[in-house]
Amino acid sequence: MRQPPAASASPSGDGGVDPARALPVTFYARDVVAVARDLLGCLLVSCIDGETAAGIIVETEAYGGPDDPASHAAFRRNGTVAAMWGPPGRAYVYLAYGVYPCLNVVTGPAGTAAAVLLRAADPLLGRAAMAARRGAAPGRRLASGPGRLAVAFGITLTDNGRPLEAPPLWIEPGVPPDRIVTGPRIGVRRGEPRPWRFGIAAHPALSRPFPPAAERG
DNA sequence: GAACCGATTGCCT
DNA sequence: GGCAATCGGTTCG
């Protein structure tokens, strides 16, 4: 499987990315599970600190509103989580274990408090900048994991609530994947398990392999 | 105002 | 494979 041509051979000066192509708010204003699946193959772009970083989204997780015990919105409404309760198409950034920022995309009508966690991306542009931010060699784990992804793209808590339709942070349409795998969300302990983790089948940039049972699905 | 928890990661054994 | 690091928000006293 070759790299999708989403960011190749463009007259744009940034190696092919173009904020004019950013997904409209209507894309996000849908069911959180649908958005989570449709984001696979799309191009995440950030222009932060003078560095352009872009990568294909290869893994996502859907988190519902108050009805989803695993969601931050289940028992919280104020603070950073307030972004989840806001309008769709905006970023919800939280700090995992006080260490790593994690980037979510708010979905559904305002007040739904649902969001999609971006768990992994396949670096396409700005690998050097990603590696520098990660403090790692430009190898294969630059953005494979929610914390790694956010750090690689320069995302911090200050980006919480930021609209995702214009610089410095936006998402462009990409090539829909041939096969999508499904599995239980990672690290979730509360409530009944939901198969709301989605990934591009057998993609090398996945944060972790999917359970065999999901591969057959 | 203090204690506790968490949608993680990297380093240690 | 196991566990410490680290911080914002919520909960409890």
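Every chain is numbered from 1, with letters handed out A, B, ... down the list of sequences. Model, not experiment: these values are computed from the prediction.
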Rounded to the Å, how far apart are A/Arg208 CZ and B/dG10 P? 14 Å

Nearest-Å distance for atom pair CD/C1', residues A/Glu61 and B/dG6: 14 Å

Does the ring of A/Phe27 carry A/Arg30 above it, NZ/CZ under 6.0 angstrom from centre and within 45° of its axis? yes

Of the candidate nucleotides B/dG10, C/dG8, C/dA5, which contains the atom at the shortest distance from the side chain of A/Arg148? B/dG10

For B/dT9, take OP1 and OP2 only and decide whether either is under 4.0 Å from a side-chain N or O of A/Arg141. no

Base, sugar-phosphate, or nothing: which does A/Ile186 touch, judged by heavy atoms less than 4.0 Å apart? sugar-phosphate

Does B/dA7 pair with anything, Watson-Crick or G-U wobble, both distances under 3.5 Å, and if so, with which nucleotide? none

Answer yes or no: does a side-chain N or O of A/Arg119 lie under 4.0 Å from OP1 or OP2 of B/dT8? yes

Distance in angstrom units between A/Trp196 CH2 and B/dA7 P, rounded: 15 Å

Report which part of the nucleic acid A/Arg76 touches: base, sugar-phosphate, or nothing (heavy-atom distance under 4.0 Å, all strands). sugar-phosphate

Closest listed nucleotide, where the reference is the side chain of A/Met84 and the choices are B/dG10, B/dA7, B/dT9: B/dA7

If we only count heavy atoms from C-beta on, is the A/Tyr63 to A/Val188 side-chain gap below 4.5 Å? yes

If I take atom CG in residue A/Leu95 and atom P in nucleotide C/dT10, what distance separates them, rounded to the nearest angstrom? 14 Å

Please tell me which of A/Arg190 and A/Leu149 maps to the more 5' nucleotide of DNA chain B, matching each residue to the nucleotide holding its nearest heavy atom. A/Arg190

Using the side-chain heavy atoms of A/Ser71, tell me which of these nucleotides is nearest: B/dA7, C/dG8, C/dA5. B/dA7

Rounding to a whole Å, what distance do you find between A/Tyr63:OH and B/dG6:C1'? 11 Å

Is there a side-chain contact between A/Thr112 and A/Thr107 (heavy atoms, below 4.5 Å)? no

Is the shortest heavy-atom distance from the side chain of A/Ile57 to the side chain of A/Leu43 under 4.5 Å? no

Report the distance from atom CG of A/Leu117 to atom P of B/dT9, rounded to the nearest whole Å. 9 Å

Whole angstrom is fine here: how far is it from OH in A/Tyr94 over to P in B/dC5? 18 Å

Tell me if a side-chain donor or acceptor on A/Arg119 pairs with a main-chain N or O of A/Arg208 at a distance below 3.5 Å. no

Distance in angstrom units between A/His72 NE2 and B/dC5 C1', rounded: 10 Å

Using the C1' atom in both, what is the distance from B/dG10 to C/dG8, to the nearest Å? 22 Å

Hey, does A/Ala70 reach any base, or is it just sugar-phosphate, or nothing, if we go heavy atoms under 4.0 Å? base

For the residue pair A/Asn104 and A/Met84, establish whether any side-chain heavy-atom pair is separated by less than 4.5 Å. no

Using a 4.0 Å heavy-atom cut-off, does A/Asn104 contact any base of the nucleic acid, only the sugar-phosphate backbone, or nothing at all? base

Under a 3.5 Å limit on both distances, the Watson-Crick or wobble mate of C/dT6 is none

